[in-house]
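Structure record follows, encoded as structure tokens.
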Amino acid sequence: MSDGRPHSGLRTPDSGVKSWRFTEALPPDATFPTPADSHKTPRDQIRPRTVQKALYTWVRPEEQQDPELLCVSPAALKDIGIDPEEAKTEEFRQLVAGNRLLGWDEEKLVGGYPWAQCYGGFQFGSWAGQLGDGRAISLFEATNPETKQRYELQLKGAGMTPYSRFADGKAVLRSSIREFVVSESLNALGIPTTRALSLTLLPHSQVLRERMEPGAIVLRFAQSWLRLGTFDILRARGNRDLIRQLSTYIAEDVFGGWDTLPARLDNPPEPVDASTPKRGVEASEIQGPDDAAENRFTRLYREIARRNAVTVAHWQAYGFMNGVLNTDNTSIFGLSMDYGPFAFMDNFDPAYTPNHDDHMLRYSYKNQPTIIWWNLVRLGEALGETLGIGAQVDDPTFVEKGIEKSQEEEVIARAEKIITQVGEEFKSVFLAEYKKLMTRRLGLLSFKTSDFEELFSEALDTMESLELDFTHFFRRLSALRLEQIATPEARKEIASVFFHQEGPPKLVTEDEARGQIAKWLQAWRSRIVEDWGEGSDTVPAAKDEERRAAMKRVNPNFIPRGWILDEVIRRVEKEGDRKVLDQLMHMALNPFQDRWSGEVHNGAEYQGNEEQEQRWTGDVPRFERAMQCSCSS
Ligand code: AMP
Ligand code: MG
């Protein structure tokens, strides 16, 4: 850095490594062939329309008056590689509001320029046609110099684009707070997600939804903002050359090269790492006559399917629901994304959907794995001919003209077979990941086949019938000492820690409820003893402490539930409260702590609001459980 300001070795957005790989590699909307064409167009003349044969349109954010920077995620600063001091500068405030374009030469009209992506999607199972970034505008890609991770930085709520359809290109403060907080919360929980750097209030922007609401902008970032819906639109329009070009861009530029992509797995895979899904065997290991027909596009399909399997396993293990799992909200990178009516589970109920308009329960908790696979089958169809053509994928006639009539039957059969095989892999990767996560959440060191039925299913059934809180169940279990549950009487006595304040639901007696929990605790205890007891019939106190600490590291004490977000939104919007957002973010970014106020954080004692911390980690107020949300945002 050249400005002489104190810094931590990190950099400023101005000086950092920026790129525009996406726009370099893929074709723009022909209405504005160059950034200069777009820049010279009055901003209010860039209006919704159909965009053909393109993956994006050059478009700049609208100017914002007096943007107020409400909150910045320290974790996001670190991951992008920006000096925390930088976030306090005027340049940063203007950048994250969309008022500064980095890399663009205003005089000469050359350089990197912002863009909005074109995509389509299946919404609630029906083809919806062209969607696209209707209110999101990407600025540039930034590479963290230490981790080498490259992110695409994007403003949500920055104004109209050709993809705004009948809407206004704006985002309201309410939904911006929700997206900002949940992105960073999921990341802190180890769940693959798009991220959020900053939240900006637009004081002069009033946006009409069900009522007039303040407008806001979130700067969000991801390794890729491409969605399954990006392929859907190309397929719907028969743009087979663009499907090939897009696939190549994803393989080479997003995933780091074709040869890193996985070949077929014959055996269920090893459990995979949460943040970076493990790749399968190397391409060179492909064997057998059948596999010889498997080309690199099939491996790309596998990679995308596997990443999504890993992510949906996290949602199921942590009780998270996106609420609108349309193909345009399903990431090619396997990230949780596009947060509308999302929620975390309160009382465990597999049929719960946070989406008020989801009458068929399509996007309910229990349906998430199936729906993600349904979306991935749409991707398989978009890639169909490239999968099915097998070894001839680079044959010049195929590349230019597609399959011949005589090849049809064989190509379709092969594509179907591949999709089915990838479906099997999706299932096994999902299950392996789910088992790994649940095993950890229950404090076990190993997985036994019988655990699935006797511990996982029994725990969920118990939670469901006794209306227990899903997150509290795991956290309170983590806090128990084995010596507290050594006898049947002790287990029954302590069972009430899992109840809500008002006790068990009216349909069961308290004694029955305690009995049911005690029975499960007995089964759990014997598995803990088996895993941690080193051969004896009990676990030494020191080992048990180790087990409790390990459980607390994976079972959050804090998650941003709907009622907490509602309270924060009200206080920020109506009461002008500014502290509360930082307090909420501090808990969301450090979700596994027992307490926050008074704990040392970054070398200093953290001063929050202790009463609030207890309230937000305690019982969910009775009438605010399992809230639902409409899609209007
Ligand atoms: P979502 O329901 O957020 O996944 O959005 C579906 C589509 O509608 C996407 O193409 C969005 O960009 C677009 N969209 C949603 N809200 C707005 C808005 N206020 N202005 C412009 N486009 C929007
Ligand atoms: Mg969307």
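Indexing begins at 1, ligand by ligand and atom by atom, following the structure's order. Just the heavy atoms: all of them, side chains too, but no hydrogens, waters or symmetry mates, feed the values below.
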Practice task
Please could you name the atoms of ligand 1 that Asp168 approaches to less than 4.0 Å, counting only its heavy atoms?
Solution key: 18 (C), 19 (N), 20 (N)

Exercise for the section: Please confirm if an N, O or S atom belonging to Asn329, backbone or side chain, lies less than 2.8 Å from the Mg ion (ligand 2). Expected result: yes

Completion exercise
Taking only non-hydrogen atoms of Asp338 and a 4.0 Å limit, the atoms of ligand 1 in range are 4 (O)

Handout entry: Salt bridge present between Asp346 and Arg625 (N-O < 4.0 angstrom)
Key = no

Practice task
May I ask you to identify, for Arg209, whether its side chain, its backbone, both or neither come under 4.0 Å of ligand 1 on a heavy-atom basis?
Solution key: side chain

Handout entry: Greater than 12 external heavy atoms within 6.0 Å of Arg47's CZ
Key = no

Practice task
Could you tell me whether the side chain of Tyr339 and the main chain of Ser336 form a donor-acceptor pair under 3.5 Å?
Solution key: yes

Problem - N/O separation below 3.5 Å, Ala167 to ligand 1 - result: no

Practice task
Record the part of Lys170 in heavy-atom contact with ligand 1 below 4.0 Å; permitted values are side chain, backbone, both and neither.
Solution key: backbone

Problem - Pairing of Glu91 and Arg100 as salt bridge, 4.0 angstrom limit - result: no

Practice task
Return the orientation label for the Tyr318 and His314 ring planes: parallel under 30°, perpendicular over 60°, tilted otherwise.
Solution key: parallel

Problem - Pairing of Glu303 and Arg306 as salt bridge, 4.0 angstrom limit - result: no

Handout entry: ligand 1 N/O within reach of Asp133 N/O, cut-off under 3.5 Å
Key = no

Fill in the blank from the handout: A student checking ligand 1 against Gly132 at a 4.0 Å heavy-atom cut-off should list atoms 9 (C), 10 (O), 11 (C), 12 (O)

Exercise for the section: Using heavy-atom distances, let me know which of Arg165, Arg227, Gln117 sits nearest atom 8 (O) of ligand 1. Expected result: Arg165

Practice task
May I ask whether Gly340 places a heavy atom under 4.0 Å from ligand 1?
Solution key: no

Completion exercise
Given the options Tyr363, Tyr352, Tyr365, Phe344, Phe320 meets ring-ring contact (aromatic ring centres under 6.0 Å, His included) only with Phe344

Handout entry: Counterpart residues, side-chain hydrogen bond (donor to acceptor under 3.5 Å, both in side chains), relative to Arg21 (two or more places apart)
Key = Glu24, Asp253

Problem - Derivation and outcome, salt bridge (charged side-chain N to carboxylate O under 4.0 Å, His left out), residues Glu567 and Arg570 - result: CA-CA 5 Å; Glu567 176 185 325; Arg570 177 178 51 74; 5.1 Å; no

Problem - ligand 1 versus Leu131: contacting region, heavy-atom distance under 4.0 Å - result: both

Handout entry: the Mg ion (ligand 2) - closest N/O/S atom in Asp338
Key = OD2

Problem - For Asn329, atoms of ligand 1 separated by under 4.0 Å from a heavy atom - result: 4 (O)

